[in-house]
Amino acid sequence: MIHFVGAGPGAPDLITVRGMELLRNASMIVYAGSLVNPKLLTYASSGCEVHDSASMTLEQVIETMRGGFTRKLSVVRLHTGDPSLYGAVREQMDRLRALGIPFKVVPGVSSFCAAAAALHAEYTLPGVSQTLVITRMEGRTPVPEREKIQNLAVHGASMAVFLSAGMVTELCQALTEGGGYSAETPAALVYKASWPEERVLRGTLATLPEQAKGIRKTALILVGNFLGDDYELSRLYNASFGHEFRKADNGAPETQAGAPPVVFAAFTRQGAELASRLSEAMGGRVFVPERFAREKREPFSGKVSAWAEEWFPRAKALVFVAAAGIAARAIAPCLRDKAVDPAVVVLDDAGRNVISLLSGHIGGANELARRIAALTGGNAVITTATDTHKIEAADDWAVRNGCVVENAEAIKYVSAAMLEGLPMGVAVTDETFTLPPWPVTLWLRPQTLVLGVGCKRGIKKEALNAAIEDFLRGAGRSFLSLKVVASIDLKRGEPAILEFCRERGIPFLTYDAEELGRVEGPFSSSRKVLEVTGVDNVCERAAVLASGGGPLLRSKTLYPGIALALARAAGNRRVS
Ligand code: SAH
């Protein structure tokens, strides 16, 4: 079997899970080397044959894949973005079909999606454009006359232009001639969306050609008023617009403007009184049979099932002062999904038992039941498993304790195992050498490590990345535990360090020579560093200072033009 796989726009973690699995299991990969980020090849196993198709003809590509197929290899044909856009895949698929070789296609995240993400843009803004035109300037591949840029520009729609980075002047000219846009129409260029070297240029059709000078490859040009500031609010999330998952709000007064209300349903006199007291204390609307209606108590307009159907999609919570059976029957036809269903709480009309019936966690029914029970002096009945066993979900714990989850796929197993008492482990450590004895381990990485960096001016980002990777590997510490990077203020604008920190969302702290000089510890001392920076050691001193005086885990280690040291943030023990 041959799999055509969309590699995504560049970042290795923007491939689909299915695509990644196929790469992992592939024994032959034929990739479009001119565009696919080679980092994706690190998913391949060590024995896998890798062919770059950049210099091959169609025949050679087919021949290579056919060879793999006859040798019974699992072959992945890796294309950038999504294969269906400018991927020249149709001709390959047709040849394979003719040869009787089976194939499948796995879609990918196209670069136009990554570009929108980089721009924080939405192509389909209400009141602006509901259409996205995906096109290109004519190059060696001809573009049909009726699709000439001028003709497409007539519509003034949102536009994503591929394969045209070297022709921005001609492109902007053609777009303005079409009539749908003007010289002031917003335009942007996104270079290498999602790659470390991503760049975003924003301007107008008039300014973009000048701004884009020098960029000739791997860029998209986006055009249209969707890049501007004016639009109408979306109908999807508008309260007066009903759709499948939510009924329209027709202007009925709510507890708080716009917020979905808590609604109470009661059926007995005592129940109505209790519901009124509760709604007074915590806000909400009370519905009762006609004969109990009075001020601040509205009568049901029909059966309770109709009432439930009306409120279930639009209330934050439904509280039934009634038998659980009445509530269960009333809401049964409305149930959708725990992600969207409201909280449902049931209590008897004396308020003795307050049952969290539906949406205990996400919908907040457990909390609501506890609040109501506190008001009535009754008992909150909670039946969701993790609460009754007083076990906190592992991912909640991780977040609360400032840890990064390394292998999220283990969470489900760990939660189930905790309930069932199965063997499993949670390792909370910044160390990578530890070999846990459990069959499944959830790895949580505490934010403990402070990296001190000293370097020459203008070092290459790749060199810095590689050095840090090697350094941490040598120290046996996880990348995910990096909390802070620190250096001397002379390095405040050092592009490679800034980029490293930006990509990983790690803060970068700098200190002046005097502050660094005051730090005490067993630091090495270099005359040359002293001459250049005013302090005899940058990386170790910066690491220890930024860590709040924590211990040095790895002393100064040299790479070409780079010195690194590692400290553990004070107060952070090694926890396992
Ligand atoms: N199938 C790919 C497009 C291949 S054609 C996809 O779905 O994205 C190659 C063109 O795609 C490039 O000339 C450029 O215009 C665009 N492109 C591909 N990757 C890009 C990226 N990461 N950032 C910006 N443009 C990109």
Side-chain angles (χ1 to χ4, degrees), residues 3-16 18-19 29-41 52-56 58 61 76-93 105-121 123 132-143 147 149 152 158-172 174-175 187-203 208-209 211-224 227 499 503:
H3 280 97
F4 289 87
V5 172
D13 55 353
L14 283 180
I15 191 171
T16 62
R18 186 183 297 181
I29 297 174
V30 186
Y31 76 108
S34 54
L35 275 162
V36 170
N37 187 346
K39 278 250 166 74
L40 279 149
L41 300 174
D52 180 355
S53 67
S55 58
M56 295 186 194
L58 172 63
V61 170
V76 168
R77 173 72 172 120
L78 193 59
H79 280 274
T80 170
D82 183 80
S84 72
L85 290 169
Y86 310 108
V89 282
R90 175 64 189 270
E91 57 196 30
Q92 300 175 52
M93 295 193 280
V105 184
V106 178
V109 176
S110 176
S111 56
F112 79 85
C113 302
L119 288 160
H120 297 180
Y123 290 121
L132 172 64
V133 176
I134 289 176
T135 189
R136 59 170 299 171
M137 287 281 277
E138 187 162 284
R140 272 180 304 168
T141 311
V143 171
E147 292 177 15
I149 297 288
L152 298 177
S158 305
M159 196 181 282
V161 188
F162 284 68
L163 292 159
S164 307
M167 298 178 264
V168 179
T169 309
E170 298 86 329
L171 172 66
C172 290
L175 286 166
L189 180 146
V190 180
Y191 171 73
K192 289 210 160 178
S194 89
W195 291 60
E197 49 273 57
E198 172 183 296
R199 275 179 66 193
V200 172
L201 308 175
R202 289 175 187 267
L208 202 65
Q211 294 172 285
K213 270 204 177 127
I215 296 182
R216 309 201 61 78
K217 267 175 54 182
T218 333
L220 279 174
I221 294 115
L222 299 313
V223 184
L227 292 166
E499 186 79 346
E503 264 168 35

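Atoms within each ligand, like the ligands themselves, are counted from 1 in listed order. Quick note: residue numbers are just sequence positions, from 1. Scope of the values below: all heavy atoms of this structure, side chains included, with no hydrogens, waters or symmetry mates.
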Taking the side chain as every heavy atom from C-beta outward, state whether Gln92 and Leu58 have any atom pair closer than 4.5 Å. yes

If the condition is side chain to side chain donor-acceptor pair (under 3.5 Å), which residues does Glu198 pass it with, not counting sequence neighbours? none

When you compare the side chain of Val105 with that of Val89, does any pair of heavy atoms fall below 4.5 Å? no

Sorted by chain and residue number, the residues with a non-hydrogen atom under 4.0 Å of ligand 1 are Pro9, Leu35, Thr80, Gly81, Asp82, Leu85, Tyr86, Ser110, Ser111, Phe162, Leu163, Val190, Lys192, Ala193, Trp195, Thr218, Ala219, Leu220

Does a side-chain heavy-atom distance below 4.5 Å link Phe162 with Leu220? yes

So OG1 of Thr135 and OH of Tyr86: to nearest 0.5 Å the spacing works out to 5.0 Å

What's the spacing between Arg199 CZ and Leu189 CG if we round to 0.5 Å? 8.5 Å

